[in-house]
Peer 1: 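One structure, pasted below without further comment.
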Amino acid sequence: MPKRFAAFALALAIGALVCTGAQAQSAVDEGRKLAFDRGKGNCLTCHVIKGGDLPGTIGPELVGIKSKYPKREDLVAIINDETARNPLTVMPPFGRNRILTEKEINAVVDFLQTL
């Protein structure tokens with residue numbers, strides 16, 4: 001009986017990891033879609049992002065994001081309302097202005113952290 005229980009517990013743990021990995025990839029994919037969507041995240045209007053078409057050059061190129069912003073909450077805050085940190089920014093406050101939901105902002109952050 002203990003061997004069966006151990007095998008079952010291991011199978012559940014592996015299933016949970018696979019599911020979590022799939023959910024994380026799904027969030028990254030959703031974030032990419034939002035970042036490239038000209039009517040929603042619209043990141044390409046101002047930023048060069050690998051894989052994006054017709055990028056703008058107003059903002060910095062989005063590369064090495066995880067090393068530039070190792071604290072996830074810093075990147076969330078920037079997307080939510082960069083004016084809190086930099087009142088002179090031209091970056092729209094995506095969260096404050098309800099352009100993106102909290103879930104969408106988190107998906108964009110998931111994507112940006114892969115760049």
Peer 1: Taking K68 for the side chain and L62 for the main chain, is one N or O donor matched with an acceptor at less than 3.5 Å?
Peer 2: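 Checking the backbone N and O of L62 against the side chain of K68, no donor-acceptor pair under 3.5 Å is found.
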Peer 1: Please round to the nearest 0.5 Å and tell me the distance separating atom CG of N106 and atom CG of L75.
Peer 2: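 The distance works out to 10.0 Å.
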Peer 1: I want to check something: taking the side chain as every heavy atom from C-beta on, are V109 and Y69 in contact at a cut-off of under 4.5 Å?
Peer 2: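 SC-SC contact between V109 and Y69 ruled out.
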Peer 1: Using a 3.5 Å cut-off and no angle test, enumerate the donor-acceptor pairs between side-chain atoms of residues 45-55 and protein atoms at least two apart in sequence or in another chain.
Peer 2:
from	atom 1	to	atom 2	distance (Å)
T45	OG1	N42	O	3.4
T45	OG1	N42	OD1	2.6
T45	OG1	N42	ND2	2.9
H47	ND1	P60	O	2.7

Peer 1: Is T114 reaching over with its side chain to a backbone N or O of F111, donor-acceptor style, under 3.5 angstrom?
Peer 2: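 Judged by distance alone, yes, a pair lies under 3.5 Å.
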Peer 1: Test of understanding: with salt bridge (charged side-chain N to carboxylate O under 4.0 Å, His left out), list the residues that count as partners of D81, not counting sequence neighbours.
Peer 2: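 Counting only residues at least two positions away or on another chain, D81 forms a salt bridge (charged side-chain N to carboxylate O under 4.0 Å, His left out) with R96.
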Peer 1: Is there a side-chain contact between Q113 and V28 (heavy atoms, below 4.5 Å)?
Peer 2: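 Q113 vs V28: side chains apart.
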Peer 1: Looking at E73, I'd like to know if its CD atom is crowded, meaning that more than 12 non-hydrogen atoms belonging to other residues, nucleotides or ligands lie closer than 6.0 Å.
Peer 2: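 Correct, the count exceeds 12.
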Peer 1: Find the distance between CG (N80) and CD (E82) and round it off to the nearest 0.5 Å.
Peer 2: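 Here the rounded value is 10.5 Å.
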Peer 1: What is the distance from atom CZ of R98 to atom CD of E104, rounded to the nearest 0.5 Å?
Peer 2: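 Here the interatomic distance stands at 13.5 Å.
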Peer 1: Quick one: does N97's side chain get under 4.5 Å of P92's, heavy atoms only?
Peer 2: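 When only atoms from C-beta onward are counted, P92 and N97 do not touch, as no gap falls below 4.5 Å.
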Peer 1: Between A107 and L34, what is the shortest heavy-atom contact and its length?
Peer 2: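 Taking A107 first and L34 second, the nearest heavy atoms are CB-CD1, 4.3 Å.
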Peer 1: Going by the salt bridge (Lys or Arg N to Asp or Glu O under 4.0 Å) test, name the single residue among K33, R32, R72 that passes it with D110.
Peer 2: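 Only match with D110 under salt bridge (Lys or Arg N to Asp or Glu O under 4.0 Å): R72.
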Peer 1: Checking the side chain of K40 only, and the main-chain atoms of I99 only, is there a donor and an acceptor separated by less than 3.5 Å?
Peer 2: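 Yes; judged by distance alone, with no hydrogens or angles, the pair exists.
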Peer 1: Going by heavy atoms in the side chains, are E30 and V108 under 4.5 Å from each other?
Peer 2: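 They are not in contact (no side-chain heavy atoms under 4.5 Å apart), so the answer is no.
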Peer 1: About how many Å separate CD1 of I79 and SG of C43, when rounded to the nearest 0.5 Å?
Peer 2: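 If I round to the nearest 0.5 Å, the distance is 6.5 Å.
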Peer 1: How long is the straight-line distance from CD1 of I105 back to CD1 of I78, given to the nearest 0.5 Å?
Peer 2: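 Going from CD1 on I78 over to CD1 on I105, the span is 12.0 Å.
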